[in-house]
Amino acid sequence: MKRFCAYSIFILFLFLANACAQPKTDLPKTDRPNIVFIMSDDHAYQAISAYNDQLIQTPNIDRIADEGMLFGNACVTNSICAPSRAVILTGKHSHMNGKIDNRSPFDTTNVTFPQILQKSGYQTAMFGKLHFGNNPKGFDEFKILPGQGDYYNPKFITSKGDTTITGYVTDIITDLTLDWLKKRRNPDQPFLLMYLHKAPHRSWLPAERHYKEFTQKTFPLPETLFDDYKTRGEAAKTAEMNILNHMVLNYDNKVLPEVIEELQIEDRKLHDPLKRMNPTQKAAWDAIYNPINEEFKNTYPTMNDSTLMVWKYQRYMQDYLGTIAAVDENVGRLLDYLDDEKLSDNTIVVYTSDQGFYLGEHGWFDKRFMYDESFKTPLLIRWPNEITPGTTSDEMVQNLDFAQTFLEIAGVIPPSDMQGESLVPLLMGQKEKWDRDAVYYHYYEYPAEHAVKRHYGIATKKYKLIHFYYDVDEWELYDREKDPNETHNVYDQPGYSKIKTDMKLKLDAIREKYKDSDSLSNGYLQLYKDEGWIEP
């Protein structure tokens, strides 16, 4: 791949102001709180029982909310894996840190909050999925998965070379995390621990202990499973993430290739999701999943589109939620260790996801859109003696805010180019010190997998305005209070003309505030053209 010459010139000015914060603090090292940042991948808020108890029970994750704060309006700036992580690390929107999508490289001149905390005296460690780069800056120790990583017998990248560990990835990441806490944590230093799960990312392989339980479950259907997108434009209608039409029988629903061939079904060929299993693991899998294949083979000839959609949805939920069961168990292991070792009182624990996910809403899986299921993300924070247990917040907060929050907690002055706002006032019950009434979103990765068009937008508690651009020019406006499922675009309805005008003015203002513009968008489009990802 040719180097990003034109892109480099275009983006250079974005980093001129990028300077590391001075690690100034008046707090003694031993008094500064430890920070445990737990992040899963594609964990829908609907799949945490603190938010919704209709799909799965997650008592250990819920415990963070029970002993701390649950955020009901937490959201992301760009709903896709690597960009979300770049925003979290840098405290800057994608158009400012340069990591707009999963394709473009992460500019390593960016200063990240772990680097700043490390310089200010924090011991730092990262275990699990980063998704970009092989040598994360600012960490005393790391073991990270290459790219997306694997569920079984995964490879890990370390500062001392690559290694493969036998077992199930969620358990292994927790083992590595606990091993560091037990053996290499310096009790004389505060620590930042980033504990990052692969699950529940596609292709959703549960741990063996959860095969039987979850494959026997039946889940309630979403209200909008059969959404027809009547009031929406081309973006929703042409996206390629419909469970019936785009979910892959072999890769996603675990239907054997020979069954697909025998039934003469056309199916996309992706890599074998079970390729990392050893013979013992594969035998355990086959014992549960082969009978499912036999049943599908017998019933498929009688299925129509509706019954096949429901079957694929149930198979999706069984495996997706099965992976979350292991995440919840392992979060419990970590919380128990912190309690047992008397670390909890001076440790802030955050649980979140890199974005939300569609669990059949609008007929979809995956993420990317600014519609709520992928725009909103779970956020639960425990901070004993500071957060009142069992509290909630409906304020508009974003993953953009984590960096400045952690720096304030550590008593460190953040760099002036960070764009978030510290959540500390909300955590301490000082709502009057929080004045944000809207958040900004921008998605870039198109044309690409799932065909979700480029768009940007603004959301308040009451309304959401979205502009789809590049190969379309379409606007959508949603009344979030009256239409929580976002199925009625009211952009052209006369009763909303003043709201539309006000929201457009707010959008212009927030784009100026965060230094986004059409010229920047055109520059990123030029990158796609230069790389041959779209026609010049």
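Quick note: numbers below take in every heavy atom, side chains included, and nothing from hydrogens, waters or symmetry partners.
- Put simply, the side chain of Y45 does not reach to within 4.5 Å of the side chain of L379, judged on heavy atoms.
- Checked against side-chain hydrogen bond (donor to acceptor under 3.5 Å, both in side chains), Y491 has the following partners two or more places apart in sequence or in another chain: K504.
- Under the rule for a salt bridge (Lys or Arg N to Asp or Glu O under 4.0 Å), D492 has no partner lying at least two apart in sequence or in another chain.
- Listed for the N102 side chain is a donor-acceptor partner under 3.5 Å among the backbone atoms of A82.
- Residue pairs meeting the salt bridge (charged side-chain N to carboxylate O under 4.0 Å, His left out) criterion with at least one member in residues 232-252, sequence neighbours excluded, are R202-D252, D227-R232.
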* To do: Determine, stepwise, if the pair F365 / Y313 fulfils ring pair (Phe, Tyr, Trp, His ring centres under 6.0 Å).
  => CA-CA 9 Å; F365 66 104; Y313 167 77; over 10 Å; no

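- For K198, the salt bridge (Lys or Arg N to Asp or Glu O under 4.0 Å) criterion is met by no residue, not counting sequence neighbours.
- For the residue pair S521/D518, the side-chain donor-acceptor check at 3.5 Å is not satisfied.
- Sorted by first then second residue, the salt bridge (charged side-chain N to carboxylate O under 4.0 Å, His left out) pairs that include residues 425-434, not counting sequence neighbours, are E395-K431.
- Among pairs with a residue in residues 67-83, those fulfilling side-chain hydrogen bond (donor to acceptor under 3.5 Å, both in side chains) read R63-E67, E67-R382, N78-S94, at least two apart in sequence or across chains.
- For the residue pair D530/Q526, the side-chain donor-acceptor check at 3.5 Å is satisfied.
- With sequence neighbours excluded, no residue satisfies salt bridge (Lys or Arg N to Asp or Glu O under 4.0 Å) with D435.
- Side-chain atoms of N60 and E329 form no donor-acceptor pair, as typed in the model, at a separation below 3.5 Å.
- With 3.5 Å as the limit, one finds a donor-acceptor pair spanning the side chains of H467 and Y456.
- R268 pairs by the side-chain hydrogen bond (donor to acceptor under 3.5 Å, both in side chains) definition with nothing, not counting sequence neighbours.
- The closest side-chain donor-acceptor pair between T352 and N399, if any, does not fall under 3.5 angstrom.
- D471 pairs by the salt bridge (Lys or Arg N to Asp or Glu O under 4.0 Å) definition with K453, not counting sequence neighbours.
- Every pair passing salt bridge (charged side-chain N to carboxylate O under 4.0 Å, His left out) that includes a residue from residues 352-361 is listed here, sequence neighbours excluded: R85-D354.
- Inspection of the Y351 and S40 side chains reveals an N or O donor paired with an N or O acceptor under 3.5 Å.
- In the model, Y440 has a side-chain atom that pairs as donor or acceptor with a side-chain atom of R511 under 3.5 Å.
- The side-chain hydrogen bond (donor to acceptor under 3.5 Å, both in side chains) search around H246 returns none, not counting sequence neighbours.
- Partners of D502 according to the side-chain hydrogen bond (donor to acceptor under 3.5 Å, both in side chains) rule, which considers only residues two or more places apart in sequence or in another chain, are K498.
- Judged purely by atom type and a 3.5 angstrom limit, S353 uses its side chain to pair as donor or acceptor with the backbone of H43.
- Note: H362 and W364 have tilted aromatic rings, judged against thresholds of 30 and 60 degrees for the angle between ring planes.
- When each of D107, D417, D401 is paired with K92, the salt bridge (Lys or Arg N to Asp or Glu O under 4.0 Å) condition holds for D417 and for no other.
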* To do: Let me see the working for H442 and Y524 under ring pair (Phe, Tyr, Trp, His ring centres under 6.0 Å), right down to the final yes or no.
  => CA-CA 12 Å; H442 199 151; Y524 287 120; 8.1 Å; no

* Could you walk me through whether D62 and S49 pass side chain to side chain donor-acceptor pair (under 3.5 Å), step by step? => CA-CA 7 Å; D62 292 357; S49 49; 2.4 Å; yes

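- Ring-plane geometry between H455 and Y443 is classed as tilted, the angle between the planes lying from 30 to 60 degrees on a 0 to 90 degree scale.
- A donor and an acceptor atom, one from each side chain of Q46 and Y358, are nowhere located under 3.5 Å apart.
- In this structure, a donor-acceptor pair under 3.5 Å is present between the side chains of D101 and Y528.
- Ring-plane geometry between F468 and Y371 is classed as tilted, the angle between the planes lying from 30 to 60 degrees on a 0 to 90 degree scale.
- Dense packing is recorded around CD of Q430, with more than 12 heavy atoms of other residues, nucleotides or ligands lying under 6.0 Å away.
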